Amino acid sequence: MNADTRPLLEVRGLCVSYGKVEALHQAGIEVGAGQIVTVIGPNGAGKTTLLSAVMGLLPSRGEIVFDGEPQPRPDVEYLVTRGMALVPEKRELFGEMSVEDNLVLGAFQRYRRGERDYRDTLEEVYALFPRLKERRAQAAGTLSGGERQMLAVGRALMGKPRLLMLDEPSLGLAPLIVREIFRIIASLRERGVSILLVEQNARAALQVADYGYVLEMGEITMHGPAHELATDPRVIEAYLGLGKHQERLAP
Amino acid sequence: MDSSIALILTQDGIVNGAVYVLLALALVLVFTVTRIIFIPQGEFVAFAALTLAMLENGRFPGTVWLVLAAGLAVCVMEAGALVARHDWRYRLQVLGWNLAYPLVLWALAATIDWREAGQWGRIAFTLALIVPLGPMMFRVFFQPIAAAPVLVLLIVAVAVHVALVGLGLWMFGAEGYRTLPLWDENFLVGPLRIPGQAIWVVGASLALIVLLAQFFSRTIYGKALRATAVNRNGARLMGISPNLAGRLTLMLSAAIGAVSGILVSPITTIYYDTGFLIGLKGFVAAIIGGLAAYPAAAAGALLVGLLESFSSFWASAYKEVIVFTLIIPVLFWRSLRTHHVEEEEE
């Protein structure tokens, strides 16, 4: 396999245990450069665990290769410098600080490495999210749910990531704002950002994604191109079925 | 008590209070960023004052050995971590700051006659000795247990404090010292005689506070420390390592402590164990701010300073008792107005 076709992120045989309970069993996924890959699945299937383990927030066993470099002990700070970013489900904003300070801190690692152009990146993020520019001086904690999600994504983009991992970006948002968020996700691909998207909103996720995985009970049970998954009767039955509202509880 | 005595006591209270303000701010800073209730804060004050006194008297400051030993300990610990992780990215930085730098300090201490170096030269060298102790201390004692509960961190902080007081006795002896004032003149304003040093204390404290405020509101590193205090997980996701934040915070706290020590030592005789009492008063002030609010902590520090000077006039034997008793009504008041906060709140 040559460097061009090699995926940006390769995860093989990833296992994560909370005590004796195995939350993730032999999970394997790949995210190619410039791709949007989604992981769908029910509550508690281990989707958040998968992202946290890849980011190095949780101890795991298995193989994680990012940009051709194996990560035997994934380390958050290091992975951030290598171009990985995670927007967690809880957003983890700096609530007491202004919107602009939140964004500027997204560029902390780049600043530390001597890249002093974060003002330019800030303008790009404001162009993507004009709402954030209007509220730049406001404390992040006072934003609405949709604005908080925009800020979390914008803050991650300030680090100019090559792989952006989004955990339930539509969670708790009004349908109109969900559509807006997915429109922005699709537009990020055009900027060359690869995206790993974890969603319970399987319909929207499969619409925007190139490739999809189904995670159930800590195991990958199905995978394939997103449009094929969207027409797979098992997926329709379990995740796209009409009128089947899934519980929106924390995983 | 007539008004002129009240004025003199107020002046005393403000001068002492200014130093407590600095210490209270340092304690709040360290606690919010690292969750350590930093008992050894006072040691930076005493060690800076005594190091300066040693240099004035032309004696070799024992602090040099402390920096060398702490630097060596950091090197050993980092070497262990480097071998375990096969991560050699920071080796030169580690060796530079923890081995080469202390050796340079040692060479300077041994070769220069510091009695001839002038007051500012001695102050600069004192700062160069005390400030690196902060990050080194964090690396050796606190970084390995950074995720431990607050109580464990507090116990380690107390242990570090006790060890440092012992080392202080060994390095500086049991004798107390005063250092030369930065400004020897006195000014008569009405009934008040204001010593130049008092002006220095208040002025330098104010300047340092303004500087810190600028650092936290303008610079990206200052913002990173605030971010770590507000949301540790969020900060990690931005690549702000809690270890880096901890080292930076203790460097600031050591610098604040050292400056306080240099400012007060011409006014108060400093012994190897004086730091604890001064630090504890800063702590009372920090508690008034709930270990979280800077303005409240600063106001509390001024209150402590004033209370101390007035109680030393009315009941001098009980002045410490009165100051420390303040903590009881403050805790009571705080317990009434703060509601229980869940541990993991967004």
Side-chain angles (χ1 to χ4, degrees), chain A residues 51-52 55-57 70-98 100-113 115-116 118-119 139-141 145 148 151-152 155-159 161 164-165 167 172 250, chain B residues 28-29 32-33 78 80-91 93 143 146-147 213-248 289-290 292-296 341-346:
Chain A
L51 292 192
S52 303
M55 195 73 207
L57 292 169
Q71 306 290 336
R73 286 161 207 251
D75 169 82
V76 187
E77 287 89 28
Y78 179 65
L79 286 170
V80 171
T81 64
R82 296 282 290 123
M84 203 188 269
L86 169 66
V87 177
E89 194 186 322
K90 287 172 77 186
R91 323 309 196 218
E92 306 283 12
L93 298 173
F94 308 120
E96 295 161 30
M97 300 173 75
S98 72
E100 183 148 317
D101 279 352
N102 269 270
L103 289 172
V104 165
L105 283 167
F108 178 79
Q109 267 301 345
R110 284 177 48 221
Y111 183 87
R112 217 183 155 211
R113 287 203 307 276
E115 294 174 32
R116 297 292 144 99
Y118 67 89
R119 290 271 149 207
R148 291 162 65 86
L151 179 55
R155 188 179 64 168
L157 290 176
M158 287 295 292
L164 180 63
M165 301 194 289
D167 194 354
Chain B
V28 172
L29 170 65
T32 52
V33 176
E78 285 288 344
L82 292 178
V83 170
R85 302 197 52 153
H86 300 286
D87 179 357
W88 302 95
R89 278 174 288 155
Y90 300 117
R91 63 190 186 281
Q93 217 176 329
Q143 188 171 317
Q214 293 295 313
F215 172 72
F216 285 115
S217 61
R218 296 282 165 91
T219 70
I220 202 161
Y221 278 92
K223 286 172 186 170
L225 288 189
R226 273 166 64 208
T228 306
V230 174
N231 186 336
R232 191 167 273 279
N233 287 334
R236 284 191 74 195
L237 288 173
M238 301 302 106
I240 304 166
S241 128
N243 296 337
L244 173 75
R247 287 199 300 270
L248 192 55
Y294 292 94
V341 183
E342 288 297 328
E343 185 79 336
E344 280 298 311
E345 234 177 4
E346 198 184 341

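Just so it is clear: chains get the letters A, B, ... in the order the sequence lines come, proteins before strands, and each one is counted from 1. Nothing here was measured: the structure is a model prediction, and the numbers come from that model.
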Can you confirm whether A/R116 is buried at CZ, in the sense that more than 12 heavy atoms of other residues, nucleotides or ligands lie under 6.0 Å from that atom?
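More than 12 within 6.0 Å, yes.
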Are more than 12 heavy atoms, taken from residues, nucleotides or ligands other than A/R113, located less than 6.0 Å from that residue's CZ atom?
yes
Non-neighbouring partners of A/E96 that pass salt bridge (Lys or Arg N to Asp or Glu O under 4.0 Å), sequence neighbours left out:
none
Return the CE to CZ distance between A/M97 and B/R226, rounded to the nearest 0.5 Å.
4.0 Å
At their closest point, which heavy atom of [X] faces which heavy atom of [Y], and how far apart are they?
X: A/Q109; Y: B/M238; value: CG-O, 3.8 Å
X: B/L237; Y: A/L57; value: CD2-CD1, 4.0 Å
X: B/V230; Y: A/G95; value: CG1-N, 3.8 Å
X: A/F108; Y: B/A224; value: CE1-CB, 3.6 Å

With chain B, which of A/M55, A/M158, A/M84, A/R112 has the greatest number of heavy-atom pairs at distances under 4.5 Å?
A/R112
Does any backbone or side-chain atom of B/A235 lie under 4.5 Å from a heavy atom of chain A? Answer side chain, backbone, both or neither.
both
Run the side chain to side chain donor-acceptor pair (under 3.5 Å) test against B/R236 and tell me which residues pass, sequence neighbours left out.
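Partners of B/R236 under the side chain to side chain donor-acceptor pair (under 3.5 Å) test: A/E77.
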Keeping the roles fixed (side chain from B/N231, backbone from A/L93), state whether a donor-acceptor pair exists under 3.5 Å.
yes
With chain A, which of B/S241, B/A229, B/S217 has the greatest number of heavy-atom pairs at distances under 4.5 Å?
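Of the options given, most contacts go to B/S241.
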Verdict with reasoning, A/K90 to B/N233, per side-chain contact (heavy atoms from CB on, under 4.5 Å):
CA-CA 10 Å; A/K90 287 172 77 186; B/N233 287 334; 6.0 Å; no
